[in-house]
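Each remark here refers to the structure printed beneath this line.
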Amino acid sequence: MDAIATESLARKFGEVEALRGLTLNVKAGECVGLLGPNGAGKTTTIKLLLGLIRPTGGTAEVFGCAPGHPNVRRRVGYSPETPHFYPFLSARETLRFYGKLSGLKPAQVDADGILRQVGLSDAADKQVGGFSKGMAQRLAVAQALVGDPELLFLDEPSSGLDPLGRVEMRSLIRQLATTGRTILLNTHIIADVETVASRVIMLKAGQLAAVEDLTHTQALGVTAQVTDLKPAALDALRAWGLTVAYDGEQLTLAGLQDGQEPDVVARLVAGGGRIYSFTPRRVSLEQRFLEVMAVGGEHHDC
Amino acid sequence: MIANVLRENLRNKALYVITGIGFLLMMAMLAGQGGTVKDAAGNDLLKDALGAMRVGFALIGVLGSLVTIVLSMSTMPREFERKTIHLLLVRPVSRWQVAGSFLVGNILTAWVLLLVLCVPLFFALTAKGAPDLAPRIFAAIPALALNLALITAVTTLASVWMPAPAAAFVGLLVYGFAAFSGTLGAIASISRESWAPLLKLFLFLLPPTDGVARETLKLFGPGAGIDLRVYAGGLFYLWAAAGLVAGSLYRREV
């Protein structure tokens with residue numbers, strides 16, 4: 001079942017097209033990263049999916065309902081990029097306040113447990129007004145967890161955290177992902193996405209630029225100098241699920257599994273290829289992201 | 001949520017400054033020998049208790065409205081600006097409830113400060129040797145509270161759609177026009193100009209604060225009966241304005 005499904009989703013602000021025809025699906029239980037430069041439409045996408053703004057075109061569904069529907073809001077948690085809280089409340093009171101808004105009684109909100117989870121146990125009774133940016137960021141994630149939501153929108157959760165805090169936040173998100181929650185992680189930190197997400201959606205200028213399966217993206221790639229390769233050999237490589245680019249001399253392959261290199265070499269030779277060099281390489285998400293942003297990218301699967 | 005709005009409003013230092021100055025001014029004018037306020041016939045209103053009450057209520061009307069405009073102009077824009085509204089609207093609570101909580105929080109804050117501003121009235125009655133008029137003050141407080149609630153509602157409504165300074169300007173403008181609605185209404189009713197119907201419509205849209213104030217002052221005048229329909233009209237206007245605040249937040253994108 002899809003936790004999130006959009007079809008040609010679009011949003012204009014005046015003459016500016018912030019989002020253009022975004023079609024994507026996020027399955028229940030998936031942890032998906034949302035990547036893109038500033039102005040790519042990431043925040044607009046999240047706002048549309050939360051029902052905070054309305055689309056000017058297309059449709060969006062969260063758990064099969066319109067975003068912002070009360071039934072959806074009961075199942076969704078949201079951690080904003082720049083969190084602000086009522087400064088006179090303590091961390092515990094803040095969680096109870098948001099719990100109350102979610103229809104929970106104070107006793108039903110496991111404030112201490114959630115604060116322990118995000119590393120704020122010691123600050124449970126401190127007024128939020130005195131929190132550092134990092135502590136506020138942790139509290140933002142904490143309040144998103146109130147009510148045990150099935151779907152989490154995390155907008156730059158590592159923003160403002162020190163290196164150790166980032167590692168802890170990644171670990172927390174990974175832990176949340178293992179509990180079967182669906183997570184849409186919007187971040188500029190590629191390492192965060194690489195570490196915790198199973199799939200990444202790349203946006204560029206309001207459009208879907210690429211959807212990458214991270215196991216695929218992080219798989220082996222090959223750059224080879226090969227001549228005289230017959231088209232049938234290229235088709236055979238594609239049939240193995242590899243991404244193939246060949247200009248008559250340079251062959252680039254992506255998506256190899258570990259140990260598949262000898263089979264590829266055998267196929268190239270069988271296809272008439274004369275191999276002058278064969279260099280395996282790892283394709284990092286950062287490389288892939290830069291490629292996509294440079295050329296406009298391609299849509300692999302969604 | 002109402003409690004949080006109230007607590008946050010009460011942290012606003014400007015309120016204490018305005019209320020403090022107003023309190024001292026009223027104490028000096030009403031309970032002390034702080035000057036004279038003459039009516040059209042040249043009589044000093046501050047000489048007797050009834051006159052002092054009339055002046056006191058007029059001052060509370062002005063100061064209270066100023067305080068409530070300062071309060072209401074920024075509550076909603078602040079929520080939009082720091083995006084705390086996002087964390088409220090993603091919860092399974094209706095936008096009507098969120099809007100209502102902000103409005104009620106603002107009104108309650110204004111009422112707390114109204115009670116503070118009413119204290120000099122009691123001192124004035126004691127100073128003028130008429131403590132027996134105290135029950136009339138208690139009777140007048142709900143009417144003053146209604147007027148403050150009306151100005152709060154109008155300013156809050158404006159603040160959903162515009163920045164705080166613009167909302168304050170709208171609040172002041174509405175308060176000013178409403179204060180002179182009696183005079184403007186008289187002009188509109190005798191005028192044969194083409195703009196007269198428009199002026200009547202404009203006056204109809206204003207909160208009936210002038211009418212409520214006039215009826216309330218009858219408590220301190222020579223025995224004319226109070227028209228309760230004016231208060232009913234004020235309550236209806238408040239209800240409609242609250243509905244518009246809720247509807248505006250429902251429509252507004254954040």
Side-chain angles (χ1 to χ4, degrees), chain A residues 11-13 18 43-44 46-56 62 67-89 93-104 127-129 136 139-144 146-147 149 151-153 155, chain B residues 1-16 71-72 74-106 108-109 112 159-164 245-254:
Chain A
R11 172 67 205 208
K12 269 187 175 182
F13 293 102
T43 302
T44 302
I46 286 186
K47 280 185 167 186
L48 284 165
L49 293 173
L50 286 167
L52 294 173
I53 57 174
R54 287 177 279 274
T56 48
V62 180
H69 189 281
N71 289 343
V72 172
R73 282 186 274 157
R74 276 189 195 94
R75 301 168 70 180
V76 164
Y78 168 55
S79 168
E81 182 184 356
T82 46
H84 280 276
F85 299 101
Y86 294 106
F88 45 83
L89 295 180
E93 286 169 335
T94 300
L95 297 193
R96 287 186 179 152
F97 168 66
Y98 288 111
K100 200 173 177 186
L101 290 180
S102 298
L104 302 172
Q127 284 201 327
V128 175
L139 187 60
V141 175
Q143 63 77 32
V146 170
L151 170 59
L152 283 174
F153 291 95
D155 197 355
Chain B
M1 210 186 311
I2 294 170
N4 280 349
V5 175
L6 190 61
R7 284 177 74 174
E8 186 137 60
N9 280 342
L10 290 176
R11 290 161 60 90
N12 190 336
K13 291 186 180 71
L15 299 183
Y16 294 99
L71 275 177
S72 320
S74 57
T75 312
M76 300 291 279
R78 190 173 52 220
E79 290 286 326
F80 296 134
E81 190 186 327
R82 64 188 187 185
K83 295 175 181 170
T84 36
I85 193 89
H86 290 180
L87 292 181
L88 303 177
L89 297 181
V90 298
R91 302 278 165 191
V93 57
S94 78
R95 288 194 177 206
W96 309 90
Q97 285 173 283
V98 174
S101 299
F102 283 118
L103 182 57
V104 172
N106 282 343
L108 287 179
T109 320
V112 168
S159 75
V160 177
W161 294 109
M162 53 189 77
V245 171
S248 295
L249 187 62
Y250 188 78
R251 287 298 308 160
R252 196 187 191 283
E253 293 188 323
V254 290

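Chain A is the first sequence line, chain B the second, and so forth, proteins listed ahead of strands; every chain is numbered from 1.
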I need the B/Arg11 CZ to B/Asn9 CG distance, nearest 0.5 Å.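 That separation rounds to 11.0 Å.
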Is chain A contacted by the side chain of [X], its backbone, both, or neither, given a heavy-atom distance below 4.5 Å?
| X | result |
| --- | --- |
| B/Arg95 | side chain |
| B/Glu81 | neither |
| B/Ile85 | neither |

Give the minimum heavy-atom separation between B/Ser74 and B/Ala164, together with the two atoms involved.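 Shortest heavy-atom contact: CA-CB, 4.1 Å.
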Choice from B/Leu89, B/Asn4, B/Val93 maximising heavy atom contacts with chain A below 4.5 Å: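 So the answer, after comparing B/Leu89, B/Asn4, B/Val93, is B/Asn4.
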What residue in B/Thr84, B/Val90, B/Val98 has the most heavy-atom pairs under 4.5 Å with chain A?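 The residue among B/Thr84, B/Val90, B/Val98 with the greatest pair count is B/Val90.
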Top contributor to chain B contacts, counting heavy-atom pairs under 4.5 Å, from A/Pro70, A/Ser102, A/Pro149, A/Pro87: A/Ser102
With a 4.5 Å cut-off on heavy-atom pairs, point out which of A/Lys100, A/Arg75, A/His69, A/Arg11 contacts chain B the most. A/Arg11
Honestly, the part of A/Phe88 sitting under 4.5 Å from a heavy atom of chain B is both
Counting N and O atoms only, with roles assigned by atom type, does the side chain of A/His84 sit under 3.5 Å from a partner on the main chain of B/Lys83, one being a donor and the other an acceptor?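 Such a contact is absent between A/His84 side chain and B/Lys83 backbone.
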Judged by atom type as modelled, is there a donor-acceptor pair below 3.5 Å linking the side chain of A/Thr56 to the main-chain atoms of A/Lys12?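 Checking the backbone N and O of A/Lys12 against the side chain of A/Thr56, a donor-acceptor pair under 3.5 Å is found.
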More than 12 heavy atoms of other groups within 6.0 Å of B/Tyr250 OH: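 Not more than 12 within 6.0 Å, no.
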In this structure, are over 12 heavy atoms from other groups packed under 6.0 Å from A/Arg54 atom CZ? yes
